[in-house]
2 protein chains.
Amino acid sequence: MERSGRRPAAPVTVTVDLVIFTVRQDQLQVLLVERGNEPYRGSAALPGGFVRDGETLDEAALRELLEETALDGRRLHLEQLHAYSDPERDPRGRVITVAYLALGSDLPFPAAGTDAARAYWTPISSALDGGMALAFDHAAILRDGLERARSQLEHTTVAAAFCPEPFTVGDLRRIYEAVWGFKLDPSNFRRKMTRAEGFLEPTGERRFPEVGRPAALYRRGSASLLIPPLLRSSEIPPLSNDQSSMGVRIV
Amino acid sequence: MERSGRRPAAPVTVTVDLVIFTVRQDQLQVLLVERGNEPYRGSAALPGGFVRDGETLDEAALRELLEETALDGRRLHLEQLHAYSDPERDPRGRVITVAYLALGSDLPFPAAGTDAARAYWTPISSALDGGMALAFDHAAILRDGLERARSQLEHTTVAAAFCPEPFTVGDLRRIYEAVWGFKLDPSNFRRKMTRAEGFLEPTGERRFPEVGRPAALYRRGSASLLIPPLLRSSEIPPLSNDQSSMGVRIV
DNA sequence: CCCAATTCAGGTCTAACTGACCATAAGCCG
DNA sequence: CGGCTTATGGTCAGTTAGACCTGAATTGGG
């Protein structure tokens, strides 16, 4: 940072917005709120809010997460996604937002006591298919969050963050299938996951499902990276709405 | 974003800071400036500045880049890195910065006309080895930028952004070696790169170096992703002198 | 002119991994 | 019991990665 005296520092309002994903009924779902204030009153939006004095962005994101989902932050993954800064993105004026990606398992329905007008889980397919116009640039943020989540599953063990412990290899596979949007071969998936060091920690227990053979139960291992990665290579392309706003276009 | 009326929006100053990397003499170098104003007057810092009214973060980063390096933006890569928001990170008050990563080939020395007190290239090894205390949290930003650059080389074709066109496979390999900090096997590297679709576009020409056999010249291809990725699997031999799979550590 | 040094270009070989597919196991249900 | 479902494990062929080797093409020095 240089040149502090030259130009007046333009004052800016900063918010955090959260892309909170969970998997329910083998479906990737995102938490949306119905806006209670102008602008976009009544529209669907990502949960979020203003960053307060003396608060880091991470703290603000954690606070909003707790307010929206009443969730203990321990078993969920939270990471910064991107900062969005189009001067026209908020009709009230200059508002820059920093988006966060949160992944959680079996997240509860939003507590009734929150001050969001209404919060609810929606399958990303419906949230993105154009029928539901999200407020501000939240559709773009959601797309970026989805792509980030999909990419993270390739290289890290965060998929386990979607699974309540203990879980089976099948549970984990259904997470991958829900997030990526296509089926995986159960046999090859199991071989891959059980060989990745530090991903799955056997409990010795088994789970007896409604139907089918019992499955071994696992806990999350200590590894955070998936080595070697599981790349969604040449599979069936999922519902692709590639219109990412990330990356700078030059020329 | 929700709950607009509840809390006053705390006004914040926003800056962009740039981690600008280039490779010179087979060394990864970063552009630093000597601060001309308080705080940290005289200390080394990353180039950057305030975001102006009506400007996106990307635009602010591009503007700073042009001011610092007088660079035509065509052959350089610019991407958002992370937002840093510790309330104590700037003694002047509440300043959030959004860091950008820029990669360029053969970048010129900073133009004399810029208003940065002094700008200069430094090998990252010296910039990070503690002897040179960077202003603010810029050491952390630089570390994050380095890790991002290293990771990008695995999955994308940005390494070519470091190479003035046309370039040889050897040029490209030396970029990887400089950024990653260890040697690669020339033969295996060439096999990998020439097979990756859309990375290298042969020109048919050759370059006759000072010493050694002439090398075929290439241009950047159209692909932006490197498929399959080139992973620096080498990495931390936990015990023993196992000199890793693909190379020998330098640095 | 021949030789050493250097770098490029290519090839071989083996181990590992991938993806497609098959087979069996172990529950449930009627 | 046989049929259905899911888990688990194995095979097999094709691909890839890493280690290593061979030769090609150039410069520079005796």
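Proteins come first, then strands; the chains are lettered A, B, ... in the order of their sequence lines, and each starts at number 1. Values below: all heavy atoms of this structure, side chains included; hydrogens, waters and symmetry mates excluded.
- Atom CG in Asn188(B) sits roughly 14 Å away from atom C1' in dA15(C) (whole-Å rounding).
- Between Glu201(A) and Arg220(A), none of the side-chain N atoms (NZ, or NE/NH1/NH2) sits under 4.0 Å from a carboxylate O, so this pair counts as no salt bridge.
- Comparing dT6(C), dG11(C), dC21(C) by their closest approach to the side chain of Asp185(A) singles out dC21(C).
- Each of Pro209(B) and Ser187(A) was assigned the nucleotide of DNA chain C with the nearest heavy atom; the assignment lying further toward the 5' end belongs to Pro209(B).
- One can place CG of Leu231(B) at 14 Å from P of dT16(D), the figure rounded to the nearest angstrom.
- Side-chain N/O atoms of Tyr84(B) and Asp144(B) include a donor and acceptor closer than 3.5 Å.
- Considering CZ of Arg150(A) and CZ of Phe21(A), their distance stands at 8.5 Å, rounded to 0.5 Å.
- Side-chain N/O atoms of Arg173(A) include one lying less than 4.0 angstrom from OP1 or OP2 on dA7(D).
- Distance CG (Leu184(A)) to C1' (dC21(C)): 16 Å, rounded to an integer number of Å.
- Phosphate proximity of dC8(C) to Arg191(B): absent, as no side-chain N or O sits under 4.0 Å from OP1 or OP2.
- Close to dG27(C), at under 4.0 Å from its OP1 or OP2, lies a side-chain N or O of Arg206(A).
- Under a 4.0 Å N-O distance rule, the pair Glu154(B)/Lys192(B) does not qualify as a salt bridge.
- With hydrogens and angles left out, the side-chain atoms of Gln29(A) and Gln27(A) include a donor and acceptor closer than 3.5 Å.
- Residue Gly212(B) is the one, among Gly212(B) and Tyr218(B), whose nearest nucleotide of DNA chain C lies closer to the 5' end (criterion: closest heavy atom).
- Taking side-chain N and O atoms only, Arg190(A) has a distance below 4.0 Å to OP1 or OP2 of dG9(D).
- Atom CD1 of Ile227(B) and atom C1' of dA17(D) are 18 Å apart (whole Å).
- Rounded to a whole Å, the CD atom of Glu210(B) is 12 Å from the C1' atom of dT6(C).
- Using a 3.5 Å distance cut-off with no hydrogens or angles, the side chains of Asp171(A) and Tyr218(A) do not pair a donor with an acceptor.
- Residue Arg207(B) is classed as having no contact, given no heavy-atom separation below 4.0 Å to the nucleic acid.
- Taking atom CZ on Arg174(A) and atom P on dT5(D), their separation rounds to 14 Å, with Å as the unit.
- The listed nucleotides are dT8(D), dA25(D), dT7(C); the one nearest the side chain of Pro214(B) is dA25(D).
- Comparing Arg195(B) and Arg213(A) against DNA chain D, the residue whose closest nucleotide sits nearer the 5' end is Arg213(A).
- The separation between Tyr176(A) atom OH and dG19(C) atom P is 13 Å, rounded to whole Å.
- Counting only heavy atoms from C-beta on, Pro228(B) has its side chain closest to dA17(D) among dG18(D), dA17(D), dG19(C).
- The shortest distance between the side-chain N/O atoms of Lys192(A) and the OP1/OP2 oxygens of dC17(C) is not below 4.0 Å.
- Taking every side-chain heavy atom of Ala215(B) into account, dA9(C) is the closest of dA9(C), dT8(D), dG27(C).
- Rounded to an integer number of Å, the gap from Leu226(B) CG to dT16(D) C1' is 13 Å.
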